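Structure, as structure tokens:
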Amino acid sequence: MNKDGNLHLIIKKCEDYPILTALFLAVVTRTTVIMMGFQDFWGDSHHNLIISKLTLENNWVYSDFKDRHLTWFPAFRYWGASVQWITGTYSLQVMQIANTILGVATVAVGTRFATTYLDKKWTLFAGILLAIQPYLIVFSYMNMAEILGALMIISWFLGLQTQNKWMIIGSTFIAVLTRTELMYLVGLTVLYLFMVGEKKRALWTAIGSGLGVLLWFGYSTYTMGNPLGWMLIRI
């Protein structure tokens, strides 16, 4: 078989297994970044590591040494605390590897979502783009909340598409506790879903996000005496 025939066969196999192909590329690109010794120089990465450590040491009570936890949402820092608890380490490098797993999962879920709307060729193309997209690669490595937010939003979209109630509830619950803008995005989408008659999807989204919002407002009330204290302290 000639080279063109071999290439065609490889492409055909990749098209038949787009999620596995995207996963492979995601692992390769992100592992390459780690092996190159890319430096996570952002101060927020180190601060997130500290917040996770203090939260774990304070019996899983969300904690920080300079009250930034009053403005930074807790989900990603609890992810960090969980990794530290499981591994028994306090290491930015370990967190970078753990966050890379989130990045690979984001590619897999995004490619799975694409299979519903695209044929094999374009699904593979979408998966490759997700795997090699520089923004996703970099934030897969950094110890920052963006990649967890991306995974939760794509998981939510997949849940909406498949009408998976628990995926919708779980992903929106975590999403609104990950980034401020995701709280607003999910809230606005609930209104849109109701307006277009998607009442079940709207209800499941409202339950998940509502539980997250109530939890955060309750924490704000307990620590600052004001359910909107986390918002006002930003101003």
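Model, not experiment: these values are computed from the prediction.
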Residue Trp85 excluded, over 12 heavy atoms near CH2 under 6.0 Å:
no
Closest non-hydrogen contact found for Ser63 with Asn58 is OG-ND2, 2.7 Å
hydrophobic_cluster_shared for Leu118 and Ile19, side chain cutoff 4.5 Å:
no
Using side-chain heavy atoms (C-beta onward) and a distance below 4.5 Å, is Val107 in contact with Leu23?
no
Nearest heavy-atom contact between Gly149 and Thr178 is N-CG2, 3.8 Å
Are Leu215 and Phe76 grouped together when hydrophobic residues (ILVMFWY) are joined by side-chain heavy atoms under 4.5 angstrom apart? yes
- Polar side chain donor-acceptor pair, Trp72 to Asn48, under 3.5 angstrom: no
Heavy-atom closest pair (Gly127 atom, Thr111 atom, distance to 0.1 Å) is CA-OG1, 3.3 Å
Any donor-acceptor pair under 3.5 Å from Gln133 side chain to Leu136 backbone:
yes
Here the pair of heavy atoms bringing Ser45 nearest to Asn143 is O-ND2, 2.9 Å
One should read off an interatomic distance between Ile97 CD1 and Thr31 OG1, to the nearest 0.5 angstrom, of 9.5 Å
Note to self: Counting only heavy atoms from other residues, nucleotides and ligands, does the tally under 6.0 Å from OH of Tyr90 exceed 12?
What the structure shows: yes
Could you tell me if the side chain of Lys200 sits less than 4.5 Å from the side chain of Lys165, heavy atoms only? no
Residue set satisfying side chain to side chain contact (heavy atoms under 4.5 Å, CB included) with Leu191, at least two apart, ordered chain then number -> none
Contacts of Leu185 meeting side chain to side chain contact (heavy atoms under 4.5 Å, CB included) (sequence neighbours excluded), chain-then-number -> Ile153, Leu182, Thr189
query: Hey, does Thr205 have a side-chain heavy atom less than 4.5 Å from the side chain of Tyr192?
result: no
* To do: Begin with the C-alpha distance, continue with both residues' side-chain angles, and end with the deciding distance and a verdict on side-chain contact (heavy atoms from CB on, under 4.5 Å) for Leu160 and Trp204.
  => CA-CA 9 Å; Leu160 289 173; Trp204 296 335; over 6 Å; no
Point to revise | Same apolar cluster: Val28 and Val33, side chain cutoff 4.5 Å | key: no
Taken in chain and number order and not counting sequence neighbours, the residues that satisfy side-chain hydrogen bond (donor to acceptor under 3.5 Å, both in side chains) with Ser91 are Gln93
Side chain to side chain contact (heavy atoms under 4.5 Å, CB included) filter on Phe217, not counting sequence neighbours, yields Val213, Pro227, Leu228, Trp230
Note: Ala22 and Ala131 closest approach over all heavy atoms is O-CB, 3.7 Å
* Do Met152 and Leu214 belong together in a cluster built from hydrophobic side chains that touch within less than 4.5 Å? -> no
The reported gap from OH in Tyr219 to NE2 in His69 (rounded to nearest 0.5 angstrom) is 3.0 Å
Review point. Do Trp216 and Val176 have side-chain heavy atoms sitting under 4.5 Å apart?
Key: no
Backbone N/O of Gly229 and side chain of Ser220: donor-acceptor pair under 3.5 Å: yes
Is the shortest heavy-atom distance from the side chain of Trp60 to the side chain of Ser82 under 4.5 Å? yes
So CD1 of Ile101 and OG1 of Thr106: to nearest 0.5 Å the spacing works out to 12.0 Å
- Is any side-chain heavy atom of Gln84 closer than 4.5 Å to a side-chain heavy atom of Leu49? yes
One should read off an interatomic distance between Leu177 CG and Tyr62 OH, to the nearest 0.5 angstrom, of 10.0 Å
Short side-chain to backbone donor-acceptor contact, Asn99 and Met95, under 3.5 Å = yes
query: Distance only, no hydrogens: is a donor on one side chain within 3.5 Å (strictly under) of an acceptor on the other, for Arg77 and Thr55?
result: no
Linked, directly or transitively: Phe113 and Val109 (ILVMFWY side chains, under 4.5 Å)
yes
The complete set of ring pair (Phe, Tyr, Trp, His ring centres under 6.0 Å) pairs with one or both residues in residues 139-187, sequence neighbours excluded, reads Phe38-Tyr141, Tyr135-Phe139
In this structure, CD1 of Ile50 is separated from CG of Asp44 (nearest 0.5 Å) by 11.0 Å
One should read off an interatomic distance between Ile168 CD1 and Leu158 CG, to the nearest 0.5 angstrom, of 9.5 Å
Side chain to side chain contact (heavy atoms under 4.5 Å, CB included) filter on Tyr17, not counting sequence neighbours, yields Leu20
Closest heavy-atom pair, Ser52 versus Gly80, reported as atoms and distance to 0.1 Å, is OG-CA, 3.5 Å
